[in-house]
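Heads up, the thing below is written out as structure tokens.
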Amino acid sequence: MSAVLAAVRRAAREAPQRIVVTSAKATLCWADLEAQIDLLASRLSDDDSPVGVALDNGPDWVVADLALIASGRVSVPIPPFFTAEQRQHALADAGAGLLISAGEAGLRLDPTGLPRRPLHPGTAKITYTSGSTGQPQGVCLSLHQMEAVAQALVEVLGRERAGVHMAVLPLAVLLENVAGLYPILLAGGRYHAPGLAEIGFANPFMPDIGRLLAEVIASEATSLILVPELLRGLIAAKTASGAATPALDLVAVGGARVSPALLSAAAAAGIPVVEGYGLSECASVVAMNRPGDATPGTVGLPLPHLDVSVAEDGEIIVGPSPFLGYVGGPSNEGPVRTGDLGSFDEAGRLRIEGRKSNLIITAFGRNISPEWVESELLAHPDILQAMVFGEAQAGLGGLIVPFPGRSEAQIRDAVIQINARLPDYAHIIRWRLTAPFDPRAGQMTANGRPRRAALLSAYADFVAEPDLIPSTGTAMSFFDQLAADTATERAAFAAVPQIRDGLQGRISRETYVAYLAQAYHHVRHTVPLMQATKARLGDSHQAYRQVLDDYIAEETGHEQWILNDIRAAGGDPVRTVQDGPNAATEMMVAYAYDHVTRVSPMGFFGMVFVLESVSIQLASIGADAVRGSLGLPPVAFTYLVSHGALDQDHIAFLRTVLDGVTSEDDRAAITHMARRMFGLFGDLFRSIPHYAEAPAARELSHAV
């Protein structure tokens, strides 16, 4: 019998009307939760194949997860940040015969037609980790293994801490599911599960921390689980706003090494942080500091149900048997070698010192864990992301992503300050400022850790040591600087409901046709705009006139593709032309003409940067999602698919073009146009009539 389900049923008898799960869309009391679990479980009893769960955070996710436990079905949570390819791989790898997703009238249960796979006996959940190669790897866990973690957390934290826990990480991530949801249900607290977009996570890798902080305050959350990058953002937002979070009693942070300096900054900001450590192969948490008894530099005592030791080579070993094995691999029997390096202090608290496989041995024979140095870099408020390298080199180098708006000089000062805290052999002697690490390119994991092989390959030209001569830094290329300087505007664009839902395939045919209509009315101006730009460029910009000639030849006739797609999607292309653009589209086009003719023709390349980088995302993710949900033929997507494929090449070419812009005035004009265009293009999407769900389904459907 599941301990979590038993707790739900007990509370449904003893306090049936007490609220247990909340979101902006729905509120469930214990009796509601039990009834919905049982109703969905009855629909899941047809067979025993694994079930994929592709849902946003919210009461629906909680109901689906618990119903799968009640029905004895294996759960395969699909993280929302997975690409379409990763999602399909996880479903096929697990042999998921059914997929639960959001529908217009409640939860959809769709057969996948995928063949069954042999799984380890006792598997209750398969959690897919990102994997070092980008191909997710399935970790099989039993119900006992997961609930042992949850019960241990209740034991060490105490039931009195089960106030209002707010989900910040996706529930499909094991840490939030097992260490957030399950302990709260066991202890009888309230679980607040807003949709990810509602807390500023429409783009999970460019979060709006201001919205997150606002929801923490409004919900009176008493506990959160964060990764270090989100903790840094919350510290900055709270410090800048002066906002108080009096209810917040516990913020558990894990997923990557945390610098003591960051923990000190959290304490100064009034954020009660405790650091922990875990991994998927141990059903999430292995050790954590206790509130009131936290020691910076350690992740605390191991949970009482685990046996944790350190091998002679420093590798952390966790027993007695924390997971069942990987999908398609041999069964795991006995302790797990984690691949992490660590040690214990005199009180038995565990220290995490880095990954065994990441250990850097410099040309002078010094062994350095890059996570140690990276945690110091990431503790600085001017640094957003960082990766350290230096195998067989004279000293350490770094790839550094600055916070938006930070200058090269500010980062240089930050590195000097950080080096002053480090021993000489661990100093960063050269670095390059880069654009944010791109998860779609496999450059970072779900919890924000850098993928070293992918980043070393992407920046191979810089990583190769230049004659062992230290340098004081390498300036960010203009293309990367432009990406960094427009990160805020890009995140706001990604939060537009029409874009967010379109990327998930949650739009109607009418919305798709309406989008195509507005696309036609701005795309038909692309060539005239380039011609106007070319006419305004003088002899000193002759090279860019040739670039525009190439673009004009490439872009001519694309508006006709869109009219053809409208016809194939059931729209009226003649009516589209006759009706003209809506106000938002007209304003975007008018602004572009005005800037090119009145301010700077070079600003046009800022518009190119926005439209082509956006097209890649819409084509690579959105087109497949919409086509799958609407059942339209491929001929209704020629513009998106073809344009996206072209823009993959265009972006590479545009990087070369922009990196060749040396005039500060031209760079300023391009950056200004890009910032404005993200906003104006976002307004175009906002103007499109759209409902993500049918009006009757905007409250959580109880008819699951």
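Heavy-atom basis, side chains included; hydrogens, waters and symmetry copies ignored.
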Sub-3.5 Å donor-acceptor pair from the side chain of [X] to the main-chain atoms of [Y], do we have one?
X	Y	result
Arg290	Met288	yes
Arg211	Ala197	yes
Asn332	Gly334	yes
Arg232	Leu378	yes
Thr123	His120	yes
His165	Arg190	no
His380	Ala414	no
Asn358	Glu371	no
Asp382	Arg406	no
Arg349	Phe344	no

Heavy-atom closest contact ([X] atom, [Y] atom, distance):
X	Y	result
Gly52	Ala96	N-CB, 4.0 Å
Ile126	Gly138	CG2-CA, 3.8 Å
Leu262	Pro228	CD2-O, 4.1 Å
Ala283	Val178	O-CG1, 3.5 Å

Going from [atom1] on [X] to [atom2] on [Y], what distance comes out if it is rounded to the nearest 0.5 angstrom?
X	Y	atom1	atom2	answer
Leu350	Ile316	CG	CD1	4.5 Å
Asn57	Asn177	CG	CG	10.0 Å
Ser2	Met146	OG	CE	8.5 Å
Lys238	Ile209	NZ	CD1	14.5 Å
Leu324	Leu119	CG	CG	10.0 Å
Glu220	Thr245	CD	OG1	11.5 Å

Sub-4.5 Å side-chain heavy-atom contact between [X] and [Y]:
X	Y	result
Ile78	Val53	no
Ile383	Val401	no
Leu28	Val63	yes
Ile368	Val373	yes
Leu224	Leu234	yes
Pro272	Leu250	no
Val21	Asp32	no
Cys140	Val327	yes

Checking side-chain polar atoms at under 3.5 Å, does [X] have a donor or acceptor matched by the opposite partner on [Y]?
X	Y	value
Ser331	Glu333	no
Thr338	Glu315	no
Arg161	Thr222	no
Arg351	Thr298	no
His305	Gln145	no

Next on the checklist: Is there a side-chain contact (heavy atoms from CB on, under 4.5 Å) between Val415 and Trp431? Walk through the geometry before answering.
Outcome noted: CA-CA 9 Å; Val415 173; Trp431 63 91; 3.7 Å; yes
Next on the checklist: Less than 4.0 angstrom from a charged side-chain N to a carboxylate O is my criterion; do Arg355 and Glu374 meet it?
Outcome noted: no
Next on the checklist: Regarding Arg117 and Asp93, does a basic nitrogen lie under 4.0 Å from an acidic carboxylate oxygen?
Outcome noted: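 So Arg117 pairs with Asp93 through a salt bridge.
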Item to check | Residue pair Leu33, Val62: steps toward the side-chain contact (heavy atoms from CB on, under 4.5 Å) verdict | outcome: CA-CA 9 Å; Leu33 179 59; Val62 176; 4.2 Å; yes
Next on the checklist: Around atom CD of Glu353, are there more than 12 heavy atoms from other residues, nucleotides or ligands closer than 6.0 Å?
Outcome noted: yes
Item to check | Option among Val139, Val76, Leu174 that satisfies the side-chain contact (heavy atoms from CB on, under 4.5 Å) test with Tyr128 | outcome: Val76
Checklist entry - Taking it one step at a time, do Leu212 and Asp208 satisfy side-chain contact (heavy atoms from CB on, under 4.5 Å)? => result CA-CA 7 Å; Leu212 171 61; Asp208 181 344; over 6 Å; no
Mind listing the side-chain donor-acceptor pairs of residues 179-189 below 3.5 Å, one per line with the distance, residues two or more places apart or on another chain?
residue, atom, partner, partner atom, Å
Tyr182, OH, Asp65, OD2, 2.6
Tyr182, OH, Lys125, NZ, 3.0

